[in-house]
Amino acid sequence: MIAIEQIRREPDAIRRAIKSRGEADPIDEILELDAAWRRDKTEADEIRNRRNQVNREIGHARSAGQAPAPEVIEEMRALGRRVDELEASAQQAEDQVREMLLNIPNLPLDDVPVGADSDANRVYREEGTATDLGFEGLPHWELAERLGIIDFQRGAKLSGSRFYTTIGAGARLERALIAWMLDLHTGEHGYTELSLPAVVRRDVMEGSGNLPKFADNLYHDDEDDLWLIPTAEVPITNLYRDEIIPPGQLPLQYVAQTPCFRRERAAAGRDTRGIKRVHQFNKVEMYQFVEPESSAEALERLLGHAEEICRRLGFSWRVLELCTGDMGFAAAKTYDIEVWAAGCQEWLEVSSCSNCTDFQARRANIRYRPEQGARPQWPHTLNGSGLALPRVMIAIMENNQQPDSSIVIPEVLRPYTGFDRIEAP
RNA sequence: GGAGAGAUGGCUGAGUGGACGAAAGCGCCGGUCUCGAAAACCGGAGUACGGGCAACUGUACCGUGGGUUCGAAUCCCACUCUCUCCGCCA
């Protein structure tokens, strides 16, 4: 949520920012409602002030044994009715403003490239190149089926299209990746590991910005009004909802592996083969709560933590700086990491690292106290995949495949897998 | 699923419808004393919003939302959450 104070102060800058993201601009309407709200609130406060004074006098008189004059009571009654009216209309204006604010995306940082869609994204860094295998490689869905490590048919039998089941060495490889990534981030990058609920309440989804706008992409249990998380970012953001984090605790760095559930309705018909785009997948997620001044630098470090995974797995990858029109709703700046997959000859997005500035903190009412006695402030929040499992599996399978279709396990994973190769049958 | 208890400031915990934004204790911050500390004593300290350049000031907030009343932490209704016991269960 962006700040109403900022809209009052610099409406034009905000109009420009919203336009750069290709969104409709509600600023005029917001300003009007805000003015109405302040007018009503001021008047109501003044009336209450008078009422409080008189009521105090009535109280004193009562305890001195004097009954209040009927006309005074009558006047107070009238004031009460007026306050009720003003309160109702102020409340209405406030609700409308909040509703509109909730639907405004975060403001892009100044250095974010301006553009309408992914064509305007900028290549920020390249490590390695789109290499060739030197022989005719297979896409992962054929490889995995041939090796018997992923069962697409039976996955669909259980849960429908875009669900899959890994078997044997495939399942073990995924588990090894998860354990290794968590160990790396906790051991070398300073994160604290979390194990989280995969199902959350409505207000938690609102706090992270997924509701009300993106209900379409979420699975939902009607009976209990519970929502399946699309990413661990959702529960982690809400850990400190409605709290003031005491001095000296920031930065807080968390890492968690969770399943992620996405309906992918907008992508119907796209990427239907293999495990590139599925309804349920595992992801290791990094998350930071930091002081505002350090969030830009924190994003670079977070990105580095995700890249370190790619480096140690021997991937070729590139980092994209997303343009204004391509960023997620809560992000003020986003880097995507794409790794090269030699089988389907494609760059695959394995990570998205974002600085959400104070956007999520405001929505979820998360504050921190810079020091003893200081006023509470909004921390900045950052999140980044570290990494998403299916696409990492794809890259390992496709890039490390041999002419006989066996797959060589990256060195760093071998202590976790217990084998150094997935043999062809 | 059944039965019961509860929700008040950072924590513990008082609070007969009128001086209650709220006792007291602990913890915290500042000061006196001390070479320094502890103890003791004195003082300070919630959050949000509005108005004001500011000092300041007004309003709201005792789980949430309604109601009664001139006036609600206190009375009434609904809801949410927490805890305890019983049952079932990985």
Anything under 30° is parallel, anything over 60° is perpendicular, the rest tilted; go ahead and classify His279(A) against Phe163(A).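 Plane angle between 30° and 60°, so tilted.
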Grab the two heavy atoms, one from Met100(A) and one from Pro26(A), that are nearest each other, plus how far apart they are.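 Closest approach of Met100(A) to Pro26(A): SD-CB, 4.1 Å.
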Relative to the 5' end of RNA chain B, which residue comes earlier, Met76(A) or Thr42(A), by the nucleotide with the nearest heavy atom?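 Final value for this comparison: Thr42(A).
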By nearest nucleotide on RNA chain B, pick out whichever of Glu74(A) and Arg375(A) is the more 5' one.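 Looking at RNA chain B, the more 5' nearest nucleotide goes with Arg375(A).
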So, taking the atom named OG1 in Thr258(A) and the one named CD1 in Ile229(A), what distance separates them when rounded to the nearest 0.5 Å?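 Separation between the atoms: 3.5 Å.
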Look up atom CG in Asn121(A) and atom CE in Met327(A), then write down how far apart they are to the nearest 0.5 Å.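 Here the interatomic distance stands at 10.0 Å.
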Is the number of heavy atoms from other residues, nucleotides or ligands within 6.0 Å of [atom1] ([X]) greater than 12?
{"X": "Asp110(A)", "atom1": "CG", "value": "no"}
{"X": "Arg98(A)", "atom1": "CZ", "value": "no"}
{"X": "Lys19(A)", "atom1": "NZ", "value": "no"}
{"X": "Glu23(A)", "atom1": "CD", "value": "yes"}
{"X": "Arg311(A)", "atom1": "CZ", "value": "yes"}

Main-chain N/O of [Y] paired with [X] side-chain donor or acceptor, under 3.5 Å:
{"X": "Asn399(A)", "Y": "Ala395(A)", "value": "yes"}
{"X": "Arg277(A)", "Y": "Ala267(A)", "value": "no"}
{"X": "Thr324(A)", "Y": "Arg21(A)", "value": "no"}

Just to be sure I understand the geometry, which residues of [range] put a non-hydrogen atom under 4.0 Å away from RNA chain B?
{"range": "residues 245-254 of chain A", "result": "none"}
{"range": "residues 81-91 of chain A", "result": "none"}
{"range": "residues 46-58 of chain A", "result": "Arg48(A), Asn49(A), Arg51(A), Asn52(A), Asn55(A), Ile58(A)"}

Say you pick atom [atom1] in [N] and the same atom in [M]; how far apart are they, in whole Å?
{"N": "A45(B)", "M": "G9(B)", "atom1": "C1'", "result": "11 Å"}
{"N": "C56(B)", "M": "U82(B)", "atom1": "C1'", "result": "41 Å"}
{"N": "U74(B)", "M": "U68(B)", "atom1": "C1'", "result": "13 Å"}
{"N": "G13(B)", "M": "G18(B)", "atom1": "P", "result": "25 Å"}
{"N": "U80(B)", "M": "G63(B)", "atom1": "C1'", "result": "8 Å"}
{"N": "A7(B)", "M": "G36(B)", "atom1": "C1'", "result": "46 Å"}
{"N": "A23(B)", "M": "C49(B)", "atom1": "P", "result": "24 Å"}
{"N": "G71(B)", "M": "G17(B)", "atom1": "C1'", "result": "8 Å"}

Counting the atoms with a prime plus P, OP1 and OP2 as sugar-phosphate, which does [X] contact under 4.0 Å by heavy atoms, base, sugar-phosphate, or nothing?
{"X": "Arg39(A)", "answer": "nothing"}
{"X": "Arg202(A)", "answer": "nothing"}
{"X": "Arg77(A)", "answer": "sugar-phosphate"}

List the steps and the verdict of side-chain contact (heavy atoms from CB on, under 4.5 Å) for Leu194(A) and Leu239(A). CA-CA 11 Å; Leu194(A) 299 171; Leu239(A) 281 177; 3.8 Å; yes
Stems where RNA chain B pairs, listed by first number, each of three or more Watson-Crick or G-U pairs under 3.5 Å: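 In RNA chain B, stems of three or more pairs: B:1-7 with B:80-86, B:10-12 with B:24-26, B:28-32 with B:40-44, B:46-51 with B:56-61, B:63-67 with B:75-79.
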Criterion ring-ring contact (aromatic ring centres under 6.0 Å, His included) on Tyr335(A) and Tyr124(A), from CA distance to verdict: CA-CA 8 Å; Tyr335(A) 293 117; Tyr124(A) 182 68; 4.6 Å; yes
Any side-chain heavy-atom pair from Phe359(A) and Ile2(A) closer than 4.5 angstrom?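 In short, these two side chains touch, coming nearer than 4.5 Å.
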Anything under 4.0 Å to a heavy atom of chain A counts; send over the first and last such nucleotide of RNA chain B, read 5' to 3'.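 Going 5' to 3' along RNA chain B, contacts run G18(B) to C81(B).
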Kindly write out the residues that satisfy side-chain contact (heavy atoms from CB on, under 4.5 Å) with Glu371(A), not counting sequence neighbours, or none if the list is empty.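 Only Ala374(A) meet the side-chain contact (heavy atoms from CB on, under 4.5 Å) criterion with Glu371(A).
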Ring-ring centroid check His305(A) Tyr191(A), cutoff 6.0 Å: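 Ring centres of Tyr191(A) and His305(A) closer than 6.0 Å.
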